[in-house]
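Starting from 1, each residue takes its place in the sequence as its number. In listed order, ligands and their atoms are each counted from 1.
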Amino acid sequence: MAAFMDPTWNGRFSHFHLVSKTDKRSRSVVRVRDIEIGGDEIVVMAGPCAVESERQLLETAEAVAEAGARILRGGAYKPRSSPYAFQGLGLEGLKLLRKARAETGLAIVTEVLSEEDLAQVAEYADLLQVGARSMENYSLLEALGECGRPVLLKRGMVATLEELLGSAQIVAAAGNPHIILCERGIRTFETATRNTLDISAIPVLKTVSHLPVIADPSHAAGVRFLVPILARAAVAVGADGLLVEVHPSPAEALSDGDQSLTFRQFRDMMDDLEPYLAIQQEARQLCPELLAVSGAD
Ligand code: PEP
Ligand code: MN
């Protein structure tokens, strides 16, 4: 087994020394308020694609908290491919996220789109999301070095794992080692799904990097019925967490309704995940190398 687990991947990842796995550092835990990501528990982050209204957000926050999510997601600043699409509520959205945190105890993850918004978003969020489209926004990545918040770094839709780790290295080199990597599907020739969930990215990243790795089955699938099954697959291969879109009424969502789960579907997804969580725990115990999570910090 050991022969297959070269943490430098034949030298290819050896130059990202701050985020690469080493003999001394095989695993790091990122703390978001009192929640540990990359530790023993799998952390689920859930909520609407975009914050749309107080009612939409608070109802969703309560529903996902009750089903077992620990972190509420919701975009206040949205990267949209059309200038005519809903762009997010901005500051008002951030204030609603803060209110939802106060009412439910959930931590908050939300996207930061530009350096100009960074100080404001960091004031409200517990975890700063860098979206797929921003993975190569190097000035934003550098600015995140001093933001004082952990970073959720999504893989760009045409980015290799080497490029993803390069972006993580930029954030770490700028002074912020608190980074969580996220596989959210990549562009391939396949069009049946919105993106192709690169399932092998999860064990590869966990082999070469000490950073926690989560999966976003919603943006990978693009259709809600596939989300729970992709979530199970991601957990079975070692994901430290999930990022899932949930909406009170997906048909009326202002963004990503097709891939958003209803409250009921999210609850069922969480219940059905149980055996897969057990598979991951068992695999870690039986064969720590399999999920590349062995060794001390
Ligand atoms: C999102 O999380 O809503 C989002 C825009 O994701 P991505 O950057 O992965 O497309
Ligand atoms: Mn979305």
Side-chain angles (χ1 to χ4, degrees), residues 32 43-52 56-57 60 64 69 71-83 85-90 93-94 96-97 107-114 117 121 125-137 140-141 144 151-159 161 163-164 167-168 171 179-188 193-198 201-202 205 213-224 226-227 230-231 234 239 241-262 266:
V32 177
V43 174
V44 178
M45 315 177 187
C49 177
V51 179
E52 298 169 3
Q56 173 242 21
L57 188 68
T60 309
V64 300
I71 300 181
L72 176 67
R73 63 149 289 145
Y77 292 97
K78 294 301 301 173
R80 302 308 299 273
S81 42
S82 161
F86 176 58
Q87 306 291 313
L89 296 179
L94 295 175
L96 292 175
L97 287 164
I108 299 299
V109 58
T110 194
E111 178 161 354
V112 56
L113 271 180
S114 78
D117 308 329
V121 179
D126 301 302
L127 174 62
L128 294 172
Q129 176 171 324
V130 176
R133 292 158 192 80
S134 300
M135 193 208 86
E136 293 176 352
N137 182 344
L140 174 63
L141 298 177
L144 285 162
V151 173
L152 174 59
L153 180 61
K154 289 187 136 191
R155 180 182 186 181
M157 42 189 126
V158 293
L161 297 179
E163 288 160 346
L164 172 62
S167 290
V171 177
I179 304 161
I180 302 162
L181 303 172
C182 179
E183 163 59 37
R184 47 76 76 203
I186 49 174
R187 273 260 161 101
T188 66
T193 49
R194 182 177 180 183
N195 292 286
T196 297
L197 182 67
D198 181 5
I202 298 164
L205 289 170
V213 180
I214 71 163
D216 170 351
S218 306
H219 290 86
V223 286
R224 78 179 62 87
L226 275 179
V227 171
L230 295 184
L242 297 167
L243 182 69
V244 178
E245 288 186 336
V246 179
H247 194 283
S249 176
E252 291 165 80
L254 297 181
S255 63
D256 287 349
D258 289 348
Q259 67 198 34
S260 298
L261 301 182
T262 62
F266 181 68

Is the shortest distance from a heavy atom of G75 to ligand 1 less than 4.0 Å?
no
Partners meeting side-chain contact (heavy atoms from CB on, under 4.5 Å) with A132 (sequence neighbours left out)
R184
Distance-only N or O hit between ligand 1 and K78, under 3.5 Å:
yes
Tell me every residue that passes side-chain contact (heavy atoms from CB on, under 4.5 Å) with A253, counting only those two or more places apart in sequence or in another chain.
E52, H247
Which option, R155, R184, M157, H219, owns the non-hydrogen atom nearest atom 4 (C) of ligand 1?
H219
Do any nitrogen or oxygen atoms of A132 lie less than 3.5 angstrom from nitrogen or oxygen atoms of ligand 1?
yes
Sub-4.5 Å side-chain heavy-atom contact between E245 and L261:
no
Nearest non-hydrogen protein atom to atom 6 (O) of ligand 1, with distance, is K154 NZ, 2.8 Å
Do you know which two heavy atoms are closest between V121 and E111, and how far apart they sit?
CG1-O, 4.1 Å
Assess whether a salt bridge exists between R194 and D256, defined as any Lys/Arg side-chain N lying under 4.0 Å from an Asp/Glu carboxylate O.
yes
Suppose we screen for side-chain contact (heavy atoms from CB on, under 4.5 Å). Which residues come up paired with S82, at least two apart in sequence or across chains?
Y84, A85
Listing residue and atom name, which protein N/O/S atoms are closer to the Mn ion (ligand 2) than 2.8 Å?
C49 SG, H219 NE2, E245 OE2, D256 OD2
Short version for E245: what comes under 4.0 Å of ligand 1, heavy atoms counted, is side chain
